Visitor: 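For reference, the structure I am asking about is given below.
All heavy atoms count here, side chains included; hydrogens, waters and symmetry mates do not. Fair warning: this is a prediction, and the values are worked out from it, not measured in the lab. Residue numbers count from 1 along this sequence.
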Amino acid sequence: SWDTYFMYQSLNFITISQTLHTPLNIKKFCTSLNSRPTVQRCKFIDELAKLSLVDNNYITWNSLDYKCDYKFKYFDGKKISIEADKKIIIDTADDFLELPFPLAALDPPKEAFNNSLWSLVCEYMNEKNSNYTQTLTEKTWLPVAHKRPFISLGAKGINRNLEDLGFALYDEVIDYSFDDIEDFDDRLVEYMKQVEYLSNLNLKDTYDLLFPKILFNYKKMREIVNAKIISIYGDVATDEELYNAKKLEKDRGFDKAPLFDYLISKSN
């Protein structure tokens, strides 16, 4: 239930794999990983299709187990898989409990991350009221951990939460006023205006422009984890919480938790 729990897990996997998938060979505009087809994500991918961004980018639509009766206008609704089609992209801490090897969800698609610039993120939101659940999952943290720019759509104010944690927003090219809009549908419209604008920028020039902030955010992520910050309010993880996070992995049959071992050892 930490605000930053998935940040820790994203870095823990990198500690294990010793691999970063940065956009070093930029060929396409974006990657967007979508698993659970919530009503918000159905609207999200429909708008991507409206902008003709689905077919020519790294977009996943891994599940047809719809939990809503949304009728697509532009997207064909068919399953789309890329390199990570056998991996599960999680939404909440509850989803972690159902996975035998949860860290597999934190292994991003290498080709997509290496060959595209932006990560377009539709974060988990409460089904009934999209403004009551402010969740930052691996969907947002993986781009930070792998030194990629991203634009996250979530509950109202989710990007301001990133600022509260000390991260820099990419306001050289993004107008984040969409983040303050109360209604999700209205917020989505303004978010997609930013996506359309970004899609028309030169990819290499954009990467060069944003690289100082990309690197800053990567370093900030490591700084936060090293300081054991677990909330946007600056709360620090206790040894018990770190032990429990490590134990949770072992109980699921995955005993590699080097980052948590390191953080615990710092306290002793």
Visitor: Taking atom types as modelled and ignoring hydrogens, do the side chains of S177 and E190 form a donor-acceptor contact shorter than 3.5 angstrom?
Guide: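 No, because no side-chain N or O of S177 sits under 3.5 Å from a partner of the opposite role on E190.
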Visitor: Measuring from L117:CG to I214:CD1, what's the distance to the nearest 0.5 Å?
Guide: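 That separation rounds to 6.5 Å.
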Visitor: Should Q9 and E138 count as side-chain neighbours, where that means a heavy-atom distance under 4.5 Å?
Guide: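 Not in contact.
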Visitor: Walk me through it: do Y5 and Y8 pass the test ring pair (Phe, Tyr, Trp, His ring centres under 6.0 Å)?
Guide: CA-CA 5 Å; Y5 180 74; Y8 280 70; 7.7 Å; no
Visitor: T4 and I229: which non-hydrogen atoms are nearest, and at how many Å?
Guide: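 Looking at all heavy atoms of both residues, the closest pair is OG1-O, 3.0 Å.
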Visitor: To the nearest 0.5 Å, what is the distance between NZ (K73) and SG (C42)?
Guide: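 Going from the NZ atom of K73 to the SG atom of C42 covers 13.0 Å.
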Visitor: Can you name the nearest heavy-atom pair linking I158 to S152, along with the distance?
Guide: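 In terms of heavy atoms, the two residues are closest at CG2-O, 4.3 Å.
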Visitor: If we ignore hydrogens and angles and just use 3.5 Å, is the side chain of R187 paired with the main-chain N or O of D179 as donor and acceptor?
Guide: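 Side chain of R187 to backbone of D179: no pair is present.
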Visitor: Can any side-chain N or O of N114 pair as donor or acceptor with the backbone N or O of P23 at less than 3.5 Å?
Guide: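 Between the backbone of P23 and the side chain of N114 there is no qualifying donor-acceptor contact (under 3.5 Å).
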Visitor: What pair of heavy atoms forms the shortest contact from F72 to F75, and how long is it?
Guide: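 Between these two residues, the closest heavy atoms are CB-O, 3.1 Å.
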Visitor: For F113 and H146, what are the C-alpha separation, side-chain angles and deciding distance, and is it a side-chain contact (heavy atoms from CB on, under 4.5 Å)?
Guide: CA-CA 8 Å; F113 267 38; H146 290 270; 4.0 Å; yes
Visitor: Which heavy atom of F44 sits nearest a heavy atom of S32, and at what distance?
Guide: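 Closest approach of F44 to S32: CE2-OG, 3.4 Å.
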Visitor: Going through the distances and angles, do D208 and T206 end up as a side-chain hydrogen bond (donor to acceptor under 3.5 Å, both in side chains)?
Guide: CA-CA 5 Å; D208 291 343; T206 302; over 6 Å; no
Visitor: Hydrophobic clustering (ILVMFWY, side-chain heavy atoms < 4.5 Å, transitive) - are I14 and L24 grouped together?
Guide: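 No, it is not one cluster - the side chains of L24 and I14 are not joined through contacts under 4.5 Å.
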Visitor: Quick one: does L136's side chain get under 4.5 Å of M7's, heavy atoms only?
Guide: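 In short, these two side chains do not touch, never coming nearer than 4.5 Å.
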Visitor: Taking the side chain as everything from C-beta on, heavy atoms only, tell me whether V225 gets closer than 4.5 Å to L263.
Guide: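 The answer is yes, as the side chains (C-beta and beyond) meet within the 4.5 Å cut-off.
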Visitor: Looking only at heavy atoms, what is the nearest atom pair of A257 and K246, with distance?
Guide: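 Looking at all heavy atoms of both residues, the closest pair is CB-CG, 3.9 Å.
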Visitor: Enter the distance from I45:CD1 to Q40:CD here, rounded to the nearest 0.5 Å.
Guide: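 Here the rounded value is 14.0 Å.
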Visitor: To the nearest 0.5 Å, what is the distance between OG (S81) and CD1 (I59)?
Guide: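 Here the interatomic distance stands at 13.0 Å.
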Visitor: Can you name the one residue among K28, K27, R148 that meets side chain to side chain donor-acceptor pair (under 3.5 Å) with S116?
Guide: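 Considering K28, K27, R148, a side chain to side chain donor-acceptor pair (under 3.5 Å) with S116 is found only for R148.
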Visitor: If hydrophobic clusters are built from ILVMFWY residues whose side chains come within less than 4.5 Å, do V121 and L165 share one?
Guide: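 Cluster IDs for V121 and L165 differ.
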Visitor: Could you walk me through whether I230 and K228 pass the side-chain contact (heavy atoms from CB on, under 4.5 Å) check?
Guide: CA-CA 6 Å; I230 62 173; K228 301 189 288 188; 5.7 Å; no
Visitor: Compare all side-chain heavy atoms of I232 with those of N161 and state whether any distance is below 4.5 angstrom.
Guide: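 Counting from C-beta outward, I232 and N161 do come under 4.5 Å.
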Visitor: What about W61 and L51, same hydrophobic cluster or not, with Ile/Leu/Val/Met/Phe/Trp/Tyr joined at side-chain heavy-atom distances under 4.5 Å?
Guide: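 Same hydrophobic cluster.
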Visitor: First locate atom CD of Q194, then atom CD1 of I151, and finally report the distance between them rounded to the nearest 0.5 Å.
Guide: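 One finds 6.0 Å between CD of Q194 and CD1 of I151.
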Visitor: Hey, are D175 and Y197 close enough side-chain-wise for a donor-acceptor pair under 3.5 Å?
Guide: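 No, because no side-chain N or O of Y197 sits under 3.5 Å from a partner of the opposite role on D175.
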Visitor: Who passes ring pair (Phe, Tyr, Trp, His ring centres under 6.0 Å) against F211, sequence neighbours left out?
Guide: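 In terms of ring pair (Phe, Tyr, Trp, His ring centres under 6.0 Å), with neighbours along the sequence ignored, F211 is linked to Y207.
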Visitor: Thinking salt bridges, do R160 and D180 make one under a 4.0 Å N-O criterion?
Guide: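 So R160 pairs with D180 through a salt bridge.
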Visitor: Can you confirm whether more than 12 heavy atoms, excluding those of K266, are under 6.0 Å from its NZ atom?
Guide: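 Above 12, so yes.
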Visitor: Would you indicate whether the side-chain heavy atoms of F150 and L162 approach each other to under 4.5 Å?
Guide: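 Yes, at least one pair of side-chain atoms sits under 4.5 Å.
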Visitor: Name the orientation class of the two ring planes belonging to Y170 and W118 (parallel below 30°, tilted from 30 to 60°, perpendicular beyond 60°).
Guide: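 Rings of Y170 and W118: perpendicular, over 60°.
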Visitor: Using 0.5 Å steps for rounding, measure from the OG1 atom of T140 to the CG atom of L153.
Guide: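 Reported to 0.5 Å precision, the distance equals 10.0 Å.
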Visitor: Test K220 against F216 for side-chain contact (heavy atoms from CB on, under 4.5 Å), laying out the working first.
Guide: CA-CA 6 Å; K220 174 59 67 174; F216 172 86; 4.1 Å; yes
Visitor: Are E172 and K213 close enough, and set up right, to give a side-chain contact (heavy atoms from CB on, under 4.5 Å), and what steps lead you there?
Guide: CA-CA 10 Å; E172 296 92 338; K213 281 189 175 179; 3.2 Å; yes
Visitor: Locate the shortest heavy-atom distance separating A145 from L20; write the atom from each residue and the value.
Guide: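 Heavy-atom minimum between the residues: O-CD2, 3.2 Å.
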Visitor: Considering only heavy atoms from C-beta outward, does the side chain of F29 approach that of N200 to under 4.5 Å?
Guide: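 No - every pair of side-chain heavy atoms lies 4.5 Å or more apart.
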Visitor: Hey, does the Lys NZ or Arg CZ of K147 hover above the aromatic six-ring of Y218, less than 6.0 Å from the centre and inside 45° of the axis?
Guide: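 K147 over Y218 ring: yes.
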Visitor: Side-chain heavy atoms nearer than 4.5 Å, only ILVMFWY residues, links allowed to pass through others: does that put Y74 and V189 together?
Guide: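 Y74 does not cluster with V189.
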Visitor: Please confirm whether the backbone N or O of N62 pairs with a side-chain atom of T60, one donor and one acceptor, at under 3.5 Å?
Guide: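 No; judged by distance alone, with no hydrogens or angles, the pair does not exist.
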Visitor: Please check this pair: side chain of D171 against backbone of I174, looking for a donor-acceptor N/O pair closer than 3.5 Å.
Guide: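 A pair under 3.5 Å: no.
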Visitor: Do N226 and Y262 have side chains that get closer than 4.5 Å, going by heavy atoms?
Guide: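 In short, these two side chains touch, coming nearer than 4.5 Å.
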Visitor: Quick check: do I181 and K156 have side-chain heavy atoms less than 4.5 Å from each other?
Guide: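 Sidechains of K156 and I181: no contact.
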Visitor: Just by modelled atom types, is the L169 backbone N or O under 3.5 Å from a matching donor or acceptor in the E163 side chain?
Guide: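 Absent.
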Visitor: With Y58, which residues qualify under ring pair (Phe, Tyr, Trp, His ring centres under 6.0 Å), at least two apart?
Guide: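 Counting only residues at least two positions away or on another chain, Y58 forms no ring pair (Phe, Tyr, Trp, His ring centres under 6.0 Å).
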Visitor: Main chain of L259, side chain of N12: is a donor-acceptor contact present, judged purely on distance under 3.5 Å?
Guide: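 Here the side-chain-to-backbone pair exists.
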Visitor: Can a side-chain donor-acceptor contact be found between Y70 and D46 if the only test is distance below 3.5 angstrom?
Guide: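 Side chains of D46 and Y70: pair found under 3.5 Å.
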Visitor: So, using ring pair (Phe, Tyr, Trp, His ring centres under 6.0 Å) as the criterion, who are the partners of F260 when residues are at least two apart?
Guide: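 Partners of F260 under the ring pair (Phe, Tyr, Trp, His ring centres under 6.0 Å) test: none.
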Visitor: Side-chain donor-acceptor pair under 3.5 Å between E241 and T238, yes or no?
Guide: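 There is such a pair between these side chains.
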Visitor: Looking at C30, is its backbone amide N or carbonyl O close enough to the side chain of N57 to form a donor-acceptor pair, meaning the two atoms are under 3.5 Å apart?
Guide: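 Judged by distance alone, yes, a pair lies under 3.5 Å.
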